[in-house]
Amino acid sequence: MIDERAKDTLHGRLRRDREALLWKLDGLSEYDARRPLTATGTNLLGLVKHVATVEARYFGEVFGRPSPEPLPRWQDADGSDLWAAEDETLDQVVGFYRRTWEHADATIDALPIDAPGHVPWWPELYADTDLFAVMVHVLGESVRHAGHADILREGLDGRTGLRPEHEKRIDEEARAAHRAKLERAARTAASSTG
């Protein structure tokens with residue numbers, strides 16, 4: 001049997017990673033928050049919007065507690081949750097995410113860890129599940145996308161870290177020396193095997 005300690009631990013990690021993901025938007029302009037930073041268009045604000053939508057669906061529809069936020073039907077998903085449209089501000093997307101936290105937290109708090117749920121977009125064999133499995137799944141999604149956000153933010157302005165209190169002043173010289181050392185190691189390894 002899965003106990004409340006497991007539920008509390010997963011919930012605590014989810015809360016931590018939500019904050020880490022939002023911190024990646026700290027101090028960014030509307031442009032930098034939403035501009036495409038990869039070949040596929042991945043951007044920081046889009047990651048936040050996507051994770052908010054994931055939480056809204058999994059801690060809402062799956063447990064018969066639909067999100068109070070307007071969401072398109074999951075069957076109509078078109079990728080629009082991966083980027084912010086021109087008329088969606090950074091503050092609006094962050095607000096959506098924070099309101100989603102409240103709803104998700106209420107669902108997590110109200111249900112036992114083994115509460116049954118149904119994920120209609122999962123293969124039928126796995127669609128009937130429970131709160132524990134959903135919490136693990138959503139935490140995985142959140143961690144994955146927070147990691148994406150780490151890399152994107154580092155590429156934007158060099159900022160790294162999990163939380164503001166752990167952020168260190170950027171030492172460009174030390175970073176350049178470290179990167180050069182790694183480049184030398186990669187070239188040496190490539191030339192010795194090729």
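None of the values given here were measured: they were computed from a predicted structure. For the numbers below, each heavy atom of this structure counts, side chains included, while hydrogens, waters and symmetry mates do not.
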Exercise. Is there a side-chain contact between L156 and L37, using heavy atoms and a 4.5 Å cut-off?
Worked result: yes

Exercise. With a 4.5 Å limit on heavy-atom distance, are the side chains of W23 and L25 in contact?
Worked result: no

Exercise. Could you give the distance from CG (N43) to OG1 (T38), rounded to the nearest 0.5 Å?
Worked result: 8.0 Å

Problem set entry | Minimum side-chain heavy-atom gap F132-L10 below 4.5 Å | yes

For this session: Check whether any side-chain N or O of K49 sits under 3.5 Å from a backbone N or O of W83 as a donor-acceptor pair, and report yes or no.
Result: yes

Exercise. Looking only at atom types and distance, does a side-chain atom of R34 sit under 3.5 Å from a main-chain N or O of A85, one as donor and one as acceptor?
Worked result: yes

Problem set entry | Salt-bridge contact R144-D17 (side-chain N to carboxylate O under 4.0 Å) | no

Problem set entry | Polar side-chain atom of E55 near backbone of A104 as donor-acceptor pair, under 3.5 Å | no

Exercise. Just wondering, do H11 and D105 contact through their side chains at under 4.5 Å, heavy atoms?
Worked result: yes

For this session: Please work out which of the three classes, parallel, tilted or perpendicular, describes the rings of Y58 and W122, given edges at 30° and 60°.
Result: tilted

Problem set entry | Short N-O contact, R15 and E19, less than 4.0 angstrom | no

For this session: Please lay out, stage by stage, how E69 and Y97 fare under the test side-chain contact (heavy atoms from CB on, under 4.5 Å).
Result: CA-CA 10 Å; E69 296 292 320; Y97 192 26; over 6 Å; no

Problem set entry | D128 (side chain) donor-acceptor with Y126 (main chain) under 3.5 angstrom | no

Problem set entry | Proximity of F59 and W101 rings by center, below 6.0 Å | no

Problem set entry | Side chain proximity check, L14 to S142, heavy atoms < 4.5 angstrom | yes

Exercise. Applying the 4.5 Å side-chain criterion to the ILVMFWY set and letting contacts propagate, would L152 and V93 be lumped into a single cluster?
Worked result: yes

For this session: Count the heavy atoms belonging to other residues, nucleotides or ligands that lie under 6.0 Å from CD of E172, then report whether that count exceeds 12.
Result: yes

For this session: Verify the cluster assignment for V94 and L21: are they in a single hydrophobic cluster under the rule of side-chain heavy atoms below 4.5 Å apart?
Result: yes

Exercise. R18 versus V51: any side-chain heavy-atom pair under 4.5 Å?
Worked result: no

Exercise. Run the side-chain hydrogen bond (donor to acceptor under 3.5 Å, both in side chains) check on T89 and D91 step by step: do they pass?
Worked result: CA-CA 5 Å; T89 67; D91 288 343; 5.3 Å; no

For this session: Verify the cluster assignment for M135 and W121: are they in a single hydrophobic cluster under the rule of side-chain heavy atoms below 4.5 Å apart?
Result: yes

Exercise. Is there side-chain contact between L44 and R153, with at least one heavy-atom pair below 4.5 Å?
Worked result: yes

For this session: Using a strict cut-off of less than 4.0 Å between a Lys/Arg side-chain nitrogen and an Asp/Glu carboxylate oxygen, indicate whether R98 and E102 qualify as a salt bridge.
Result: no

For this session: Count the heavy atoms belonging to other residues, nucleotides or ligands that lie under 6.0 Å from NE2 of H178, then report whether that count exceeds 12.
Result: no

Problem set entry | Check: T129 side chain, A133 main-chain N or O, donor-acceptor pair, under 3.5 Å | no

For this session: Could you state whether V54 and V136 fall into the same hydrophobic cluster, counting links through intermediate Ile, Leu, Val, Met, Phe, Trp or Tyr residues with side-chain heavy atoms under 4.5 angstrom apart?
Result: yes

For this session: Would you mind checking if R159 and E154 are paired as a salt bridge, meaning a charged N to carboxylate O distance below 4.0 Å?
Result: no

Exercise. Can you check whether D150 reaches T160 side chain to side chain, under 4.5 Å on heavy atoms?
Worked result: no

Exercise. Sub-3.5 Å donor-acceptor pair from the side chain of D32 to the main-chain atoms of R35, do we have one?
Worked result: no

Exercise. Between the side chain of H50 and the main-chain N/O of L45, is any donor-acceptor distance below 3.5 Å?
Worked result: no

